[in-house]
Q: 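Attaching a single structure in structure tokens format; questions to follow.
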Amino acid sequence: MWKVLVTESIHEEGLKILRDAADVTLVERVGISKEEFLAELADADALLTRSGTAIDVHVLESAPKLKVVARAGVGVDNVDLMEASKRGIVVINAPTGNTLSAADHTMALMLSLVRRVPQAHASILAGKWDRKSFMGHQLHAKKLFIIGLGKIGSQVAIRGRAFGMEVYAYDPYVPEVKMDNLGVARVDSLEDGLAIADVVTIHVPLTDETRGMLDENRIRTVKRGAYLINCARGGLMDEVACYNALKDGRLSGVAIDVYGHEPVSSDHPILSEDVRDRVVLTPHIGANTFEAQSAVARIAAQNLLAALRG
Ligand code: NAD
């Protein structure tokens, strides 16, 4: 029997696949302490996680029997991949399950930013009827710059085009034909895209190459008045630089779903009163739909079983 450990909340659809597997003992210990987690790992064959558990050297050292780490989601930046590979541990994810939900959420952030929906909502709740303060922009004919034209970036491109936007993308790893098929114009450098875009949205994975991609210097080169969205990974975009760019008027608005440190601390500058009317912030909910959570749980559970069974 394989011991499969689950310590984060995983959709029932994935858990059922593992419970029904004749060769698996599923151990569900959501919310346990770090010490209990390490103790449970001592005889675990596989671990099923989301993004909330850091699988670092220390954790892997405590798991001598571990063969598979399965991530119910896309990003595996919470796993020390080098160390896992040294130990012969297979790391798998569920790369397609939450693509559509993350793309939808990016559009929700974009529309919220340009029409200031959260601010108008808060104003109504405060008992006001203030129509004049909430002038916005329409998306039609605006230039959308997508950094990273992978699964989610492509779906954002399709949605942007459906809103009548001119879509540009920077992704040196995708072929010209893919951009042509999506009706997207290729941009040869990040700086070229930042200089022309009305809305910039980033959809690359967090790697050594992409960390800090939208740093202070690059944010200074963004076209005056543009909007910036990060629904990919904290660490890609300098949030303090965003705050400064909002204050000096370079950026019209910033929307963030993912932060350098999660949960975001209550004294983070991006939460300050002086920029509150131009930010839209959500707590890493890009993949939080019933459809995405059941899909990633099912795919991760199936891939985990396939990896264990060889
Ligand atoms: P993907 O692998 O399909 O696409 C990533 C794209 O980025 C690829 O086309 C790749 O060529 C490109 N890329 C890589 N390095 C680049 C670089 N240096 N410059 C430009 N392009 C580069 O991944 P995906 O499924 O589209 O996911 C995109 C991001 O969204 C990831 O960071 C993922 O973790 C994140 N995500 C967030 C949520 C959320 O809850 N907010 C949900 C799902 C995924």
Side-chain angles (χ1 to χ4, degrees), residues 8-11 49-52 71-79 81 91-110 112 145-160 167-179 181-182 184-194 197 200-215 218 228-237 239 254-260 262-264 280-297 299-300:
E8 287 186 75
S9 165
I10 304 285
H11 194 279
T49 75
R50 290 178 64 187
S51 57
R71 157 87 167 92
V74 180
V76 285
D77 40 276
N78 57 322
V79 183
L81 294 175
V91 179
I92 52 177
N93 62 352
T96 53
N98 54 27
T99 301
L100 300 176
S101 291
D104 283 357
H105 193 61
T106 304
M107 296 310 291
L109 293 174
M110 199 184 304
S112 298
F145 178 41
I146 300 174
I147 306 169
L149 197 67
K151 291 181 288 300
I152 297 169
S154 299
Q155 288 298 326
V156 171
I158 290 166
R159 285 157 177 70
V167 184
Y168 298 80
Y170 170 72
D171 189 330
Y173 305 110
V174 308
E176 196 85 39
V177 61
K178 178 174 175 180
M179 298 223 181
N181 289 342
L182 286 165
V184 168
R186 174 187 288 276
V187 170
D188 288 325
S189 80
L190 208 45
E191 284 71 15
D192 287 350
L194 296 177
V200 178
T201 183
I202 187 160
H203 299 284
V204 299
L206 180 64
T207 63
D208 289 343
E209 185 197 4
T210 61
R211 193 178 299 278
M213 215 174 184
L214 293 179
D215 62 7
R218 289 227 170 88
L228 216 54
I229 302 169
N230 183 7
C231 188
R233 273 291 174 274
L236 295 170
M237 184 171 92
E239 294 146 12
V254 173
I256 309 179
D257 184 50
V258 286
Y259 306 80
E262 296 183 3
V264 66
V280 178
L281 306 172
T282 52
H284 200 153
I285 57 167
N288 272 23
T289 64
F290 296 105
E291 294 83 358
Q293 285 313 309
S294 74
V296 295
I299 296 167

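By convention here, the first residue in the shown sequence is residue 1. On a predicted model such as this, the values are computed, not experimentally measured, just so you know. Counting convention: from 1, in listed order, for ligands and their atoms alike.
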Q: Provide the closest heavy-atom pair for T201 versus H203 in the form atom of the first, atom of the second, distance.
A: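 That would be OG1-NE2, 2.7 Å.
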Q: Please give me the minimum heavy-atom distance between C231 and H105, naming the atom from each residue.
A: SG-CD2, 3.8 Å
Q: Begin from the C-alpha positions of L214 and I202 and carry the test side chain to side chain contact (heavy atoms under 4.5 Å, CB included) through to its verdict.
A: CA-CA 9 Å; L214 293 179; I202 187 160; 4.1 Å; yes
Q: Using a 4.0 angstrom limit on heavy atoms, which residues are close to ligand 1?
A: V74, G75, N98, A102, G148, L149, G150, K151, I152, Y170, D171, P172, Y173, V174, H203, V204, P205, E209, T210, M213, C231, A232, R233, D257, V258, H284, G286, A287
Q: Just so I know, are the side chains of E239 and I256 near enough to count as touching, which here means a heavy-atom distance under 4.5 Å?
A: yes
Q: Could you pull out all residues at least two apart from Y170 that satisfy side-chain hydrogen bond (donor to acceptor under 3.5 Å, both in side chains)?
A: none
Q: With no hydrogens and no angle check, do the side chains of D257 and T282 hold a donor and an acceptor under 3.5 Å apart?
A: yes
